[in-house]
Student: 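Once you've had a glance at the structure underneath, I'll fire off some questions.
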Amino acid sequence: MGFLLETLFGGLMVGMLYALVALGFVLIYKASGVFNFAQGAMVLFAALAMARFSEWIPKWLGFESQLLANILAAATATACMVAVAWAVERFALRKLVNQPGITLLMATLGISYFIDGAGQLLFGSAVYRIDVGMPKDPMILMESTFDGGLLLSKEDLYSALIAALLVATLTVFFQKTRTGRALRAVADDHQAAQSIGIPLSRIWVVVWSIGGIVALVAGIIWGSKLGVQFSISLVALKAFPVVILGGLTSVPGAIVGGLLIGVGEKLSEIYLGPYVGGGIENWFAYVLALAFLLIRPQGLFGDKIIDRV
Amino acid sequence: MIYRENGQFKSSYRADMALFPVAQDRWAMLALLAVAFVVVPALASDYVFRAVLIPFLILALAAIGLNILVGYCGQISLGTGAFMAVGAYAAYNLQVRIEGMPLLLSLIGGGLAATVCGVLFGIPSLRIRGLYLAVATLAAQFFVDWFTNRVKWVTNDSSSGSVSVNVLSMFGWRFDTPVQKYLLCLALVALFALLAKNLVRGAIGREWMAMRDMDVAASVIGIRPVHAKLTAFAVSSFIVGVAGALWGFVHLGSWEPAAFGIDKSFQLLFMVIIGGLGSIAGSFFGAAFIVLLPLALNYVPHWLGLSLGTAVASQLEHMVFGALIVFFLIVEPHGLAKLWSTARQKLRLWPFPY
């Protein structure tokens, strides 16, 4: 029982990271109708920027404090992501307005290749460390209930907290601020939003910047846990089935989907894996999402798809 | 002036429906084939065959397969690498397990296995489409990756996970030297290109294109979506499967599952986009581009006296690919093939621009 619960918690923590990446997908899709294949590359780029700047900035400015270095690095990395967002809007999206979804998807595939290459060219391609002072020691819960208690890592709990905070902030931003309302208007109907004076191109920059910041948070959490390297961008491939499962346009869907897939993946690996030779983590999420799509093509919380000729 | 069809009259429907209605095109095509079959084998060096021509031909074949699915039928696929792997491993198993299995039959067997797999993973396309379908094909990619890595039976219980095919022979000929391998690939590619071109010109091709342009409208006017989509998946994955078998047998010789990873799928998709969606000739342009670009990125800095590390070179390659894809989608969504046909249009009127 203790082991099952531990697995469950482990799955939830991984799932939360998937959910964070998936959140980036959903935000961009919601506000601009672009399925952003480059989200994984953005996570890599942001994490690389964070790791390298926190290393470089103390050297350039000549101080020692890790905290100050981290704050400055996070600020610089955020600036980098805003710059990426601006460049994407300026050089790619602006020229692809009104193209079919598949063209936009392929364009983001190209953008993802570009960002992958540029990130590693600028920041190097070795394995880097991000140290934001997350506690590494595990803690043991409920020793009285189970034998040996439940082994949980504090780091996971903190990252869950950060993620929850981020989601809450985003929800408030979308519901209460002027820009948030504009974003939702654009999501509903590009043309109608433009006709009442909402500047589409600015909204896109804002949305991609938010996507970039979400990517940065995901990158920091992931990077401080496992180090920053190329494989981070592959997380996005996991976030794919998550958004599909949750529905492309739903923020809660991304979170529920992420948690479901994180837990499902771990449980299936442990209870199903031994019978088929292990390693099924890699495709389980996809098969789950696929099976689900056959029953409900719009995902858990997605909008109903209506076809018109 | 040279390229003008004035005076070439067609007196039968057959002539009007010909593959190359303009006589100059026919002659150019024949000349191209003659050069490819006769002149190139006499001139090119072994290195060129191994590094450029053979990969180009096989990737062009795979791109034709993918183009049928993505360009003609509009079903986006990110799992081409998987179908290539299925073709390669099925052909390998046929070759290893059946004594005296003819090469051609095992290639076709590989194609058929890929067809089955493609149709299986194509079934979701009946319910879902577009972005969602991309995920279904990614599922194929990851599942096949895992399958070929984990299931020992597929690699004939080889300990390292890599398999190899040494003897290639067909109808009593052996394909040992690069020239012979090149000719084998060339013959197959020419055959499949002709078949594919005729398929997409025919009734079935029209069904695919109707599906691509607007599937709801197509089903309203009586095109069966199930039939159209699944045949597109079947034909496409057959060709891709044969290409995969060739890639393993002829180009690599010995390979492991990583040879057909997700990178291959993306690479093929790029070929189709850059070459031209919905164009058989475009598949060749795209393949040539993708094969030559890394070579160019390797050699050009070298000639200029710059030395780039391999890591930097591969990152630059990524950036150039990415930028080019976006560039093509913006400037010329129909790819290099469109540039080619525009050039031909201009040439027909030359030297008078009206």
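Lettering follows sequence order; numbering is per chain, from 1.
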Student: Heavy-atom count around B:Lys264 NZ within 6.0 Å, excluding the residue itself: above 12?
Tutor: yes

Student: Of A:Tyr286, A:Trp283, A:Phe284, A:Phe240, which meets ring-ring contact (aromatic ring centres under 6.0 Å, His included) against B:Phe142?
Tutor: A:Tyr286

Student: If you look at every heavy atom in A:Leu294 and B:Pro124, which pair is closest and at what distance?
Tutor: CD2-CA, 3.9 Å

Student: Considering only residues two or more places apart or on different chains, which pairs with a residue in residues 102-122 of chain A satisfy ring-ring contact (aromatic ring centres under 6.0 Å, His included)?
Tutor: A:Tyr113-B:Phe270, A:Tyr113-B:His318

Student: Could you pull out the closest heavy-atom pair between A:Leu96 and B:Leu329, with the gap in Å?
Tutor: CD2-O, 3.8 Å

Student: What do you reckon, is CZ of A:Arg296 surrounded by more than 12 foreign heavy atoms closer than 6.0 Å?
Tutor: yes

Student: Do A:Met106 and B:Val272 touch side chain to side chain, with heavy atoms closer than 4.5 Å?
Tutor: no

Student: If you count heavy atoms of other groups shown closer than 6.0 angstrom to CZ of B:Phe327, is the number above 12?
Tutor: no

Student: Using every non-hydrogen atom in the two residues, find where A:Ala107 and B:Val326 come nearest and quote the distance to one decimal.
Tutor: O-CG2, 3.6 Å

Student: Supply the atom-to-atom distance B:Leu78 CG to A:Leu105 CG, rounded to the nearest 0.5 angstrom.
Tutor: 7.0 Å

Student: Which bit of A:Arg94 comes within less than 4.5 Å of chain B, counting heavy atoms only: side chain, backbone, both or neither?
Tutor: neither

Student: Taking all heavy atoms of B:Ala139 and all of A:Leu290, pick out the closest pair and write down the distance.
Tutor: CB-CD2, 4.1 Å

Student: Count the heavy atoms belonging to other residues, nucleotides or ligands that lie under 6.0 Å from CZ of A:Phe35, then report whether that count exceeds 12.
Tutor: yes

Student: With a 4.5 angstrom heavy-atom cut-off, is it the side chain or the backbone of A:Ile295 that approaches chain B, or both, or neither?
Tutor: backbone

Student: At a heavy-atom separation under 4.5 Å, does A:Leu121 approach chain B through its side chain, its backbone, both, or neither?
Tutor: both

Student: For the residue pair B:Phe266 and A:Leu109, establish whether any side-chain heavy-atom pair is separated by less than 4.5 Å.
Tutor: yes

Student: At a heavy-atom separation under 4.5 Å, does B:Ile262 approach chain A through its side chain, its backbone, both, or neither?
Tutor: side chain

